[in-house]
Each structure stands twice: as C-alpha cells, then as structure tokens.
Amino acid sequence: MRKPTDPTSHQEGPKDPTPIPWDALEAWEDPIPMQDTKTLHHMVRRSKNTPHSTTGPHTTPRGTPKTPHHARRALPIAPRRNPISHQEGPYDPHGHHEGAPKLPHHATRDTKTRRHTKRGPKNAPHNTTAAPQPPPTGPPPAPGPVTELRAPKPPLLALSPPHGGRCGRTRGGGAELSRAHRPHKAGAAHAAPRGGGRKRGGGSVGLGGSRGRGMELGWLLWGAAVLLLLHLLMELSPAVNFVLRIGFYYVLCIVCSGLTAPVCLLVNGGRTVKNMRIIKTVVKSFKYFFGLRFEVKGLENFDVEGPAIIVSNHQSILDMMGLMEVLPDGCVQVGKKELMYAGTVGLITYLGGVIFINRKSTTSAKMVMAEVAKTMTADNVKVWVYPEGTRNCTGDLLPFKKGAFHLAVQAQVPVIPVVYSSFTTFYNPKKNLFTSGKIKVEVLPPIETKGLTSDDVSDLTDRCYNIMRETLFRLSGRSGEGKDSS
Ligand SMILES: CCCCC/C=C\C/C=C\CCCCCCCC(=O)SCCNC(=O)CCNC(=O)[C@H](O)C(C)(C)COP(=O)(O)OP(=O)(O)OC[C@H]1O[C@@H](n2cnc3c(N)ncnc32)[C@H](O)[C@@H]1OP(=O)(O)O
Ligand SMILES: CCCCCCCC/C=C\CCCCCCCC(=O)OC[C@@H](O)COP(=O)(O)O
C-alpha cells in the first residue's frame, strides 16, 4: 500500500499529484462500510499471508477482491472494479457468493417440517432426530463442514447474488416447505381453528361466507371513517396537514428504500452508481402523491464530455424529488454521513454510491473530497454537491462552502449549476405549510475550470453563487433582486 509523506498536500491543486492520506482516511469513521470492508480486508490479508490458515480454506470467500477497504469506502462507484486502485484488477462483487457461508438447507427444513413427520419415510437420510422426515426432493443436501458454518459474514456488496446462490436455494426451500404443508392441511383440517381455515386459500366460500363478508365490510367502513377523519383534520388544521404529509413522505422514503434495496442488490450486485437509475425511477413517482409539478429547462447542459461537478440549492428533504427529476446517469451525490444511519434510507443511499462526508471534521471531509477528485475522472462520474452544506428554505441562498469548487479545480472538470425555484409558496415548515405546487428547475451552462488553480477557487465560488442567486430570484418571481450581491 502506498503511503504519503505529507497528508495535507492534497490541497495543492491538480498539477501536484496528491498522495492519498491513508492514515487519516483510516481514522474516518464509517460504520456501515467499515464493518464489512474491514472483514473483507482482514480476509484478504489472511488469505495472502497465511495460505495454510488453521481455519481452513473456506474462511476467505473465493473471488474476494483484493482491495484496500478505505479505498472502496471513499468512492466505490464503479460496479466491477476497485474505484481507486484501478490497476489492481477487476472487481467482481458477485465473486463473494461462491464463498458465502452455506447453511445446510435441511437444517431450515427440519425445524419447519418437524410437525408433519408422520408421513415421511422412516429412514430419511438427513434426519438426525427420532422423528422421520418427508421424502427429500432432489439430491440429499450435504451438510457443510463446521468451518463453513462459522465463516465470516460476507461483505455488504455480497449480500445478495444476482444469479444462483442464495436465491436458488431459497426458491428450492420454499417449494419443499409448501409440499411439507400439504399433508398437514389435508390430514389435520379438522383440528385447525375455524377462522384459520377460512382465511387461507379462499376458504370463505365454503365456511360461513356471510359472516366473513360482514367482517370485511366492517373493516372497510372503519378504514373509510379513519380516512375521512384524517381528511377533515388536514382541512381544519395546517399543523395536522403538515405533519401527516411530511410523515407520509418519510414513510414513503423508508418503505420504498426497503423495497428498492433488494432490487438494487439483485440487479447490480452491490454498491454502484448504476443503482441510482433504479432509485431515480422510484423517487420520480413520489411527486404525484404530493401534487408537485416540475418544469425543467436546460437539461442539454448536462451533456458535457466526461465528469463534472453539479451544484444546486438545497431547500428541504423534498429536494430528493427534484434531484431525481433531472439526475443525469452516472452521477453520485455528496451527503452528510448521518444519512447512513437512517435505516433503509441509509442502505439505499449507500447502495446508490452516495459519498458520505463527516461535516464535523473539516480534515476528514476535505480528504474524502480530494479522493473523489482523483477517482471521478477515472470512473467517469458526475458528482452532485449542495454547496450551502445544509438545508435552507428561506427563498435565498446561504453562503457557499468551497468544497465543491476545490473538487472541480482539483479534477479540472466543469461546474454545472442547477437552480430550483423557491419552495416558500407551498412549503414552509415554520408555518406548517405543505401544499401542492410547481417547481421550476434550470440547468445552467457549464463553467469551465481548465487551467484554474486553488488560488482561483474563491472567484469560482463567487461567480457560481451570483449566477445561481440571480437565477433563483428569477425563477421564484423576484426578478431584479440578487444582481448586486457578492
Ligand atoms: C428508493 C427510495 C429512495 C428514497 C429516498 C432516499 C434516498 C435517495 C437516494 C439518494 C440521494 C441522496 C442525496 C443525498 C443528499 C444529501 C445532502 C446533504 O447531506 S448536504 C450536506 C453535506 N454536503 C456538504 O456539506 C457539501 C458542501 N460542503 C463543503 O463543500 C465543505 O466545504 C466541506 C468539504 C464539507 C468542508 O466543510 P467545513 O465546514 O468543514 O469547512 P469549510 O467549508 O469552512 O472549509 C474550510 C477550509 O478548507 C477549504 N476547503 C474545503 N474543501 C476543500 C478541499 N476539497 N480541498 C482543499 N481545501 C478545501 C476551504 O476553502 C476553507 O478554506 P478557506 O477558508 O481558506 O477558503
Ligand atoms: C433505524 C433508524 C431509523 C431512522 C429513521 C430514518 C429517518 C429518515 C427517513 C427518511 C427521510 C428521507 C430523506 C431522504 C434523503 C434526504 C437527504 C437530505 O436532504 O438530507 C438533509 C441534508 O442534506 C442536510 O441536513 P441538514 O439540513 O444539515 O440537517
């Protein structure tokens, strides 16, 4: 591993190739990826250094990429290769699954079918208890060695393979379970409680349908009454309206993230910017729930050759909808690292390749940004930064932080400003205002940074700020304002 002699030298601009400050990056806390990549790193080291490991060959999954864990943490945006050490060979997220711990699937089946053993053959080959088992379908599963059962958890990138592996086994297991249930249903129907039989498999027709229909009607009426009450409360109280609408947005984000994460894992195999396409498709439907409309101009300005830094104003958590409305392909966002802990939302942002920064540590944030500057060109990604650094729903811009502009100058890539009109007419948490509304979005022409150095960053920041502020006021119907600001 390459070690720098001067960990602060990354600030010196593009002409001075920056050594990666490995030590400081190691110190950067990043629990979700760290946990997994540490395991990975540990496994890689052990397999390299101790080929005759006492824990056996299964402790290191075959196909594990030989990648420094901090490197993958910084910008793991290219799906099949190590985003920093590009020379280190192809990165195959699916490779882990070959070595993933394999539970002998009869273990799962045994616990679930023990109740139905009367119909099984007396000498079921894999049964270790006194009770016989139902006949196995297909070849009898071979229990793995103890070391397999104790193999370390595979890294997050290997949670769910796109082909075979766990998916295949799960399907098989499911089929056997349903077969195992059949004799139970047929033979013990008389012992089942009445309600249970009725609820499953369309039993309501045969078993007192009118009472079942009455209950269903009751539930429907209750549901309708609750909805009506909520509607009335929302009409009468702006606070209730706000809480319910924003609460619904949270629930939507959490639920959709939870549902989308497995899809991302199955389709793309792990953390990759490609997942953003899937996330975008889902999030683009959210606006219909809230009566929001977007009027977008200037999308052609995204068509720059190669990577770029996109900067935009940040008004609310609702910005996710606006972001996904225009997000170009191959673009990741810079986000605060606290997002990682937001349950399923944290998972989906992680899978989408969001670059997490620690706002409480300037040094750490700057180092992550410097790392991104190096890798974004090689990986050909665009990086979306909110230069205000926090949400601001006042209808104006906060002063810009300079991280995005340092990044652009270091990578010598253009800055593309994107401006969203003010939300204040339809969204204001202080006034409990959240109604439907129209948002105007304008993608402005790219600002070149070729030949600029770190000395030019302040000017670049001011230039961008002024253009964006002027545009914000124009889009928000406050023309004439903001022209003289600096
Ligand atoms: C399927 C259903 C899904 C449901 C929906 C769920 C999810 C959607 C999925 C994905 C979307 C995710 C979107 C995530 C969006 C998240 C948004 C945010 O989190 S915004 C907050 C985080 N972002 C930022 O803060 C970026 C802006 N900040 C900066 O750029 C900062 O500069 C910084 C790099 C963070 C550092 O900030 P800090 O306050 O610590 O320092 P200063 O800015 O004051 O800088 C100090 C000093 O250093 C110089 N500097 C800054 N950066 C650099 C650099 N890279 N290199 C060199 N020098 C640097 C700076 O100029 C200052 O010096 P001086 O004063 O002399 O100029
Ligand atoms: C197990 C823990 C469960 C935690 C529950 C999770 C709660 C969060 C769930 C859904 C919220 C959806 C948010 C979508 C992403 C929003 C990104 C965003 O806009 O973050 C704000 C950040 O830019 C600036 O933060 P601050 O203004 O500085 O603050």
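Indexing begins at 1, ligand by ligand and atom by atom, following the structure's order. Given the structure is predicted, the values throughout are model-derived calculations rather than measurements. Positions are given from 1, in the same order as the sequence printed here.
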>> With a heavy-atom distance limit of 4.0 Å, tell me whether Ala373 approaches ligand 1 through its side chain, its backbone, both, or neither.
In response: neither
> At what distance is the nearest protein heavy atom to atom 25 (O) of ligand 2, and which residue and atom is it?
Replying inline: Lys336 NZ, 2.9 Å
Please report, to 0.1 Å, the donor-acceptor pairs under 3.5 Å made by any side chain of residues 296-310, with sequence neighbours excluded.
{"unit_1": "Asn301", "atom_1": "ND2", "unit_2": "Gly298", "atom_2": "O", "d": "3.4"}
{"unit_1": "Asn301", "atom_1": "ND2", "unit_2": "Val443", "atom_2": "O", "d": "2.7"}

> Do Glu295 and Lys438 sit within salt-bridge range, that is, some charged N less than 4.0 Å from a carboxylate O?
Replying inline: yes
> When you measure from atom 14 (C) of ligand 2 to every protein heavy atom, which one gives the shortest distance, and what is it?
Replying inline: Met320 CG, 3.7 Å
> Looking only at heavy atoms of Tyr341, does any of them come nearer than 4.0 Å to an atom of ligand 2?
Replying inline: yes
> Glu338: heavy atom below 4.0 Å from ligand 2, yes or no?
Replying inline: no
>> Is it the case that the ring center of Phe426 lies less than 6.0 angstrom away from the ring center of Phe434?
In response: no
> Is Leu407 touching ligand 1 with its side chain, its backbone, both, or neither, if touching means heavy atoms under 4.0 Å apart?
Replying inline: neither
> Does Asp319 come within less than 4.0 angstrom of ligand 2, counting non-hydrogen atoms of the residue?
Replying inline: no
> What part of Leu339, side chain, backbone, both or neither, has a heavy atom within less than 4.0 angstrom of ligand 1?
Replying inline: side chain
>> Show me which atoms of ligand 1 lie under 4.0 Å from any heavy atom of Val354.
In response: 12 (C)
>> Looking at non-hydrogen atoms alone, which of Ile254, Val255, Ile246, Ile317 comes nearest to atom 18 (C) of ligand 2?
In response: Ile317
> What part of Ile357, side chain, backbone, both or neither, has a heavy atom within less than 4.0 angstrom of ligand 1?
Replying inline: side chain
> What protein heavy atom is closest to atom 21 (C) of ligand 2, reported as residue, atom name and distance in Å?
Replying inline: Arg391 NE, 3.6 Å
>> With a heavy-atom distance limit of 4.0 Å, tell me whether Thr362 approaches ligand 1 through its side chain, its backbone, both, or neither.
In response: both
> What about Tyr249: any of its N or O atoms under 3.5 Å from an N or O on ligand 2?
Replying inline: no
>> Below a 4.0 angstrom heavy-atom separation, can you tell me which part of Val283, side chain or backbone, both or neither, approaches ligand 1?
In response: side chain
> Just checking, is any N or O donor in the side chain of Thr394 or Asn392 under 3.5 Å from an acceptor N or O on the other one?
Replying inline: yes
> Can you find an N or O of Thr390 that's nearer than 3.5 Å to an N or O of ligand 1?
Replying inline: no
> What atoms of ligand 2 come within less than 4.0 Å of a heavy atom belonging to Val345?
Replying inline: 9 (C), 10 (C)
>> Does this structure show an ion pair linking Lys360 with Glu338, if we count only N-O contacts that are shorter than 4.0 Å?
In response: yes
>> Does Arg271 qualify as a cation-pi partner of Tyr350, given the criterion of NZ or CZ under 6.0 Å from the six-membered ring centre and within 45 degrees of its axis?
In response: yes
> Nearest to atom 59 (C) of ligand 1 by heavy atom, His406, Glu338, Met367: which?
Replying inline: His406
> If you count the atoms of ligand 2 from 1 in the order shown, which ones are under 4.0 Å from a heavy atom of His314?
Replying inline: 19 (O), 21 (C), 22 (C), 23 (O), 24 (C)
> Is the closest N or O pair between Arg359 and ligand 2 shorter than 3.5 Å?
Replying inline: yes
> Do the side-chain N and O atoms of Ser422 and Thr424 include a donor-acceptor pair separated by under 3.5 angstrom?
Replying inline: yes
>> As a check for students: among Lys402, Met369, Lys336, identify the option with a heavy atom nearest to atom 19 (O) of ligand 1.
In response: Lys336
> Parallel, tilted or perpendicular: which fits the ring planes of Phe290 and Tyr249, with parallel below 30° and perpendicular above 60°?
Replying inline: perpendicular
> Among Lys366, Lys337, Lys401, Glu388, which one has a heavy atom closest to atom 37 (O) of ligand 1?
Replying inline: Lys401
